[in-house]
Amino acid sequence: MLIPRLVLALALIVCAVACEREEKKADGKPDSAAFVSDGAGDGSVWVVDGPNGGRLFLCGTIHILREKDYPLAPAYEAAYMYSNKLVLELPPGAASGPELTSRMSQLGLYSADTSLEANVSKETWEGVKKWTAKRGLEVSSMNRFRPWFVALLMTNVEYANLGAKAEMGVDTHFEQRAKKDGKPAEGLETVEFQIQLFASLSDKQQRELLEQTLIEVSHVAEEYEKIVRAWKQGDLAALSEMMLQEAERYADLNELFVTARNLSWMDRLEQMLKNGEKVMVLTGTLHFISDTGLIELMRKRGHRVRHYREVTDF
C-alpha cells in the first residue's frame, strides 16, 4: 500500500480507541550482546555511518500492527537505546488531534451536487458496493466522499478487521516511549503536507488509488501476513516483490507517495550525519526498497550502509 503514515489519522474514525502501553524505562545502555537476534527475525533495520561519528538507524516500520506482532526484533530496541533522538514521518502527536480528522473529512467530502458514483467507473462503483455489503456498511455513506478518502477508510476497516491497530504501529510504539523517556523526537513532514498529498491528487490519480485499494482488500489478510513476515526478517527482496507490484502499475502514485518524499528527506538526514548525531529514523518500510529507496540513496551518496545483523561496533 502506497499510503504514508497519515493513514493513522483515519484510524481515529474507524478503529478502536487507542490504548496506553506500559513501557519500562531503561536504567542505562546495555551491552550490544543484549540485542542479539532472538530467532523471531532480524528486523528491517539498517545502520548508516557518516563523518564525525554520525549514525542513522533506518528503521522500517509497519504503521498498523497487531498485539501478536510484538515484541519487535531486538534491532529496534538497539536503535532506540543507541540513538539520541527519534525522527518520524510526522511530528509527535500530529496524527491524533481532532482538528486533523475534521480537516481531512472536510477535504474528503464532495459538494452536494456530485458523488463518488458520478466520479468513478461503473466497475469501481460496483466494487465499492460489494465491499460495503461485505462489511455491513451503508454504501450511501461512502457516496459522499472522494475516492482518496474512501480508499483510506477501506484500508483502515480491513486492517481493523484483522486486529491490526494504528496504536500498535511501530511509529506510535516508539513515539509514546520517547515521550515517557523524555527523548527528543521530530517529524520529517507536516500534517498539512501529508493531507495535501491526497487532496491534491488529480481525478485520475484518485480513481487509480481507489482501484488499487479495491484490488488489495480482496486478498489483504494473506498479503498482510506475507508482508509482516518479510518485514520481521528484513527481507527487502521479498518486500520489493510484494509491495512494488501495484507501485509499478500506478507509477505516478508511487512517484508522489514514495520516491519524491525519499528525495526530499535526504538532505536533512545527511545533515544529521554530518552533525555527528545518532538518530533512530522511523519510516514506512516501503521507503527502503528499490533504487530510489533510502538505503540505496544513502549508498549512492557514499555512505556506508549495513543491515543491523552486520553491525558489531556499537
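Predicted, not measured: the structure shown is a model, and the values here were computed from it.
Between Phe57 and Tyr82, the distance from one ring center to the other does not fall under 6.0 angstrom.
Legend: residues meeting salt bridge (charged side-chain N to carboxylate O under 4.0 Å, His left out) with Arg135, ordered by chain and number and at least two apart, are Glu158. For Arg268, the side chain to side chain contact (heavy atoms under 4.5 Å, CB included) criterion is met by Glu186, Leu188, Met272, not counting sequence neighbours. Remark: Asn119 engages Tyr110, Thr114 in a side chain to side chain contact (heavy atoms under 4.5 Å, CB included) (not counting sequence neighbours). Remark: His303 engages no residue in a ring pair (Phe, Tyr, Trp, His ring centres under 6.0 Å) (not counting sequence neighbours). Remark: Thr190 pairs with Glu192, Phe193 by the side chain to side chain contact (heavy atoms under 4.5 Å, CB included) rule, at least two apart or across chains.
Around atom CD of Glu310, more than 12 heavy atoms belonging to other residues, nucleotides or ligands sit under 6.0 Å away.
Taking the six-membered ring where the residue is Trp, Tyr70 and His173 present tilted rings, their angle falling between 30° and 60°.
Here the straight-line distance linking atom CD of Glu296 with atom CD1 of Ile289 works out to 12.0 Å at 0.5 Å rounding. Taking OG1 of Thr172 as the reference point, atom CD1 of Ile64 lies at 9.0 Å (rounded to 0.5 Å). The distance from the CE atom of Met298 to the CG atom of Asn262 is 10.0 Å, given to the nearest 0.5 Å. Separating the CG atom in Leu210 from the CE atom in Met142 is a distance of 10.0 Å, to the nearest 0.5 Å. Residue Leu214 holds its CG atom at 11.5 Å from CD of Glu126, rounded to the nearest 0.5 Å. Here the straight-line distance linking atom CZ of Arg261 with atom OG1 of Thr292 works out to 12.5 Å at 0.5 Å rounding.
The shortest side-chain heavy-atom distance between Leu58 and His287 does not fall under the 4.5 Å cut-off. Residues Leu65 and Tyr159 fail the side-chain proximity criterion, which asks for heavy atoms closer than 4.5 Å. Using a 4.5 Å heavy-atom cutoff, the side chains of Arg207 and Lys204 are in contact. Side-chain contact between Val311 and Arg55: present, with at least one pair of heavy atoms (C-beta onward) separated by less than 4.5 Å. A heavy-atom distance below 4.5 Å is not found between the side chains of Val281 and Trp265.
For the pair Lys232 and Pro71, the tightest heavy-atom approach, listed with the atom from each and the gap, is NZ-O, 4.2 Å. Smallest separation of non-hydrogen atoms from Cys59 and Tyr76: CB-CE2, 3.8 Å. When all heavy atoms are compared, the tightest approach of Gly50 to Leu273 is N-CD2, 3.7 Å. Nearest heavy atoms, Asn52 versus Lys274: ND2-O, 2.8 Å. Taking both residues in full, the closest heavy atoms of Ser83 and Lys183 are given as O-NZ, 2.9 Å, listed atom of the first, atom of the second, then distance. The shortest heavy-atom contact between Ala164 and Tyr224 is CB-OH, 3.7 Å.
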Where do Phe198 and Leu209 land on the side chain to side chain contact (heavy atoms under 4.5 Å, CB included) test, with the steps shown first? CA-CA 10 Å; Phe198 297 101; Leu209 182 61; 4.3 Å; yes
Please report the C-alpha distance between Val120 and Val150 in whole Å, then the side-chain angles of each, then the deciding distance to 0.1 Å, and finally whether the side chain to side chain contact (heavy atoms under 4.5 Å, CB included) criterion is met. CA-CA 12 Å; Val120 297; Val150 174; over 6 Å; no
Please evaluate residues Asp291 and Lys300 with respect to the criterion salt bridge (charged side-chain N to carboxylate O under 4.0 Å, His left out), reporting the C-alpha separation (whole Å), side-chain torsions for both, the decisive distance (0.1 Å), and the verdict. CA-CA 9 Å; Asp291 291 340; Lys300 288 175 181 177; 5.2 Å; no
Report the C-alpha separation of Arg66 and Glu225 in whole Å, then their side-chain angles, then the decisive distance to 0.1 Å, and conclude whether the salt bridge (charged side-chain N to carboxylate O under 4.0 Å, His left out) test is met. CA-CA 11 Å; Arg66 303 158 298 187; Glu225 291 292 348; 2.6 Å; yes
Worked check of side chain to side chain contact (heavy atoms under 4.5 Å, CB included) between Phe257 and Leu286: CA-CA 10 Å; Phe257 285 117; Leu286 184 58; over 6 Å; no
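Judged purely by distance below 3.5 Å, without hydrogens or angles, the side chains of Asn275 and Gln271 pair a donor atom with an acceptor atom. No side-chain N or O of Trp148 forms a donor-acceptor pair with one of Gln205 less than 3.5 Å apart.
Using modelled atom types, one side-chain atom of Arg146 and one backbone atom of Leu107 make a donor-acceptor pair closer than 3.5 Å. With Thr285 contributing its side chain and Thr61 its backbone, the two residues share a donor-acceptor pair below 3.5 Å. Checking side-chain atoms of Ser44 against main-chain N and O of Trp231 turns up a donor-acceptor pair under 3.5 Å. A donor-acceptor pair is defined here as one N or O able to donate and one able to accept, closer than 3.5 Å; such a pair exists between the side chain of Asn143 and the backbone of Glu117.
Applying the ring-ring contact (aromatic ring centres under 6.0 Å, His included) definition to pairs two or more places apart or across chains, those involving residues 122-145 are Phe145-Phe149.
Taking 4.0 Å as the cut-off between side-chain N and carboxylate O, Lys226 and Glu222 count as a salt-bridged pair.
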